[in-house]
Amino acid sequence: MKIAYITDSACGKSIDELAKEQIFSLPLQISDGEKTYFDIEQLTIDENLDLLNQKKIMKTSLPSLGLIEELISSIKDKGFDRIIAVPICRGLSGTSNAIEMTCRDHSIPLKIVDTYTTDAVQLYLIRYIKRCFEDGLNENLIFENVDKIINSTQTLILPDDMQHLKRGGRLTPVAATVASLLKITPILEINKKTNGKIDVLDKVRTFNKAIDKTIDKAIIPFIKSNYAITVTHVGCLDKAEIVVAKIRAKLPNIEIKIEKLVTPVSCHTGLNAIAIQYFMKL
């Protein structure tokens, strides 16, 4: 059976980068209110940072329906028998629904994996699934392991710009003002428990205290030897390096990476946000 593997730009890689791994990808759409861009292909992470610095209200949407149609049609024409897709989670985007609808129209079997998050986990899982199928592993075992990885995953977000959250409609003006005056930092989470939606885990006075509490209460107790951690940032590498140093001091043998937060998420967090994502690797 010939399987096509699909993801999208929320995994942080371009169409060309993933094509080298024989993985298809769809770019999400990013809008600054005046122009709409294909994520990564027409708007890089750094270019999005420039727009955020200009106080632009950035909005995100699923990939163009025309591009989805074009990709699925092309996949079928190339003789693929089945599609396995790992897109941005359903709680954040309608991408999965659009892929499902298009595959039904083309009568091509589809398996969608909802990661209940995005970014590094999304990239790891599409690669993991492809590798396992190519190695001839039993399909039931593959998806049992996929479920284990998803169940192990936690994504924690520490936004810094309350006014950005207010402008984007994700925080009321009163709440944003109070949070700014009292220097309150919400600790946000997104995982299977939240059904792939961003929810508030805790609220802490000052950003630095939020970092310490996140590490001590929401990371250290849950990390095992086969886990990986990715610390991402929105234009604040110095903060990310501090977070990594604090984690490494307590977990010296765990794999930790620093990356720039993917645009489909940073549009909503605003500048100077930190996100920490961990999951089990198999």
Side-chain angles (χ1 to χ4, degrees), residues 45 48-49 51-60 89 91-92 116-121 153-223 229-251 256-279:
I45 287 177
N48 184 62
L49 286 175
L51 293 172
L52 289 174
N53 274 306
Q54 296 171 36
K55 307 299 183 186
K56 295 279 189 178
I57 303 298
M58 307 301 294
K59 296 187 181 297
T60 62
C89 65
L92 296 178
Y116 300 98
T117 186
T118 184
D119 208 338
V121 173
T153 296
Q154 171 67 301
T155 303
L156 301 153
I157 302 172
L158 286 75
D160 183 62
D161 187 349
M162 298 302 123
Q163 296 307 311
H164 176 87
L165 295 177
K166 182 190 78 172
R167 289 193 298 271
R170 287 168 288 279
L171 199 62
T172 67
V174 171
T177 300
V178 170
S180 297
L181 288 174
L182 298 180
K183 296 184 178 180
I184 292 174
T185 297
I187 301 172
L188 309 176
E189 66 173 339
I190 175 171
N191 50 43
K192 191 172 182 179
K193 181 184 72 177
T194 69
N195 202 32
K197 297 180 183 295
I198 297 174
D199 200 359
V200 177
L201 177 64
D202 204 347
K203 297 176 185 176
V204 183
R205 291 288 296 274
T206 80
F207 194 89
N208 288 334
K209 288 182 180 178
I211 289 174
D212 290 338
K213 187 166 187 179
T214 298
I215 292 171
D216 292 338
K217 304 296 183 182
I219 298 175
I220 301 299
F222 303 99
I223 299 297
I229 301 174
T230 303
V231 176
T232 55
H233 65 94
V234 187
C236 53
L237 177 60
D238 54 340
K239 283 184 182 178
E241 289 173 337
I242 290 170
V243 172
V244 169
K246 286 176 178 286
I247 298 173
R248 281 202 171 119
K250 299 185 178 184
L251 296 169
I256 308 177
K257 295 180 180 179
I258 295 181
E259 304 281 356
K260 295 174 182 177
L261 185 58
V262 294
T263 294
V265 181
S266 67
C267 285
H268 301 290
T269 65
L271 292 167
N272 298 314
I274 292 288
I276 306 166
Q277 187 174 76
Y278 62 78
F279 62 96

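Computation of the quantities below employed the complete heavy-atom set of this structure, encompassing side-chain atoms and omitting hydrogens, waters and symmetry-equivalent molecules.
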### Query
Would you call Lys239 and Asp160 a salt bridge, using N to O less than 4.0 angstrom?
yes
### Task
Just jot down the side chain to side chain contact (heavy atoms under 4.5 Å, CB included) partners of Ala210, sequence neighbours excluded, or say none.
Leu158, Thr185, Ile187, Val204
### Task
State, with a plain yes or no, whether a side-chain heavy atom of Ile190 is found less than 4.5 Å away from one of Asp199.
no
### Query
Are Asp216 and Lys250 close enough for a salt bridge, meaning some N to O gap below 4.0 Å?
yes
Could you pull out every donor-acceptor pair under 3.5 Å between side chains of residues 231-238 and any protein atom, sequence neighbours left out?
| residue | atom | partner | partner atom | Å |
| --- | --- | --- | --- | --- |
| Thr232 | OG1 | Ala275 | O | 3.3 |
| His233 | ND1 | Gly235 | N | 3.4 |
| His233 | ND1 | Cys236 | N | 3.0 |
| His233 | ND1 | Leu237 | N | 3.4 |

### Distance (rounded to the nearest 0.5 Å) between Leu261 CG and Ile274 CD1
9.0 Å
### Task
Any chance you could measure Ser266, atom OG, to Asn48, atom CG, to the nearest 0.5 Å?
4.5 Å
### Task
Taking the side chain as every heavy atom from C-beta outward, state whether Leu156 and Gln154 have any pair of such atoms under 4.5 Å apart.
yes
### Task
To the nearest 0.5 angstrom, please state how far the CD1 atom of Ile157 sits from the OG1 atom of Thr214.
11.0 Å
### Query
Taking the side chain from Asn195 and the backbone from Lys197, do they hold a donor-acceptor pair closer than 3.5 Å?
no
## Note on the structure
Rounded to the nearest 0.5 angstrom, the NZ-CD1 distance for Lys217 and Ile220 is 11.5 Å
### Message
Quick check for you: to the nearest 0.5 Å, what is the distance between Leu201 atom CG and Leu188 atom CG?
### Response
8.5 Å
### Query
Ala273 and Pro159: which non-hydrogen atoms are nearest, and at how many Å?
CB-CA, 3.9 Å
## Note on the structure
Rounded to the nearest 0.5 angstrom, the CD1-CD1 distance for Ile215 and Ile229 is 9.0 Å
#### Entry: Audit row: Thr155, Ile276, side chain to side chain contact (heavy atoms under 4.5 Å, CB included) steps and yes/no
CA-CA 6 Å; Thr155 303; Ile276 306 166; over 6 Å; no
#### Entry: Side-chain heavy atoms of Asn53 within contact of Leu271, under 4.5 Å
yes
### Query
Are Asn191 and Thr153 side-chain neighbours, meaning at least one heavy-atom pair lies under 4.5 Å?
no
### Query
What is the minimum heavy-atom distance between His268 and Thr60, and which atoms define it?
NE2-OG1, 3.0 Å
### Summary
The ring pair (Phe, Tyr, Trp, His ring centres under 6.0 Å) partners of Tyr278 (sequence neighbours excluded) come to none
### Query
Only one of Thr117, Thr230, Asp119 forms a side chain to side chain donor-acceptor pair (under 3.5 Å) with Gln277, so which one is it?
Thr117
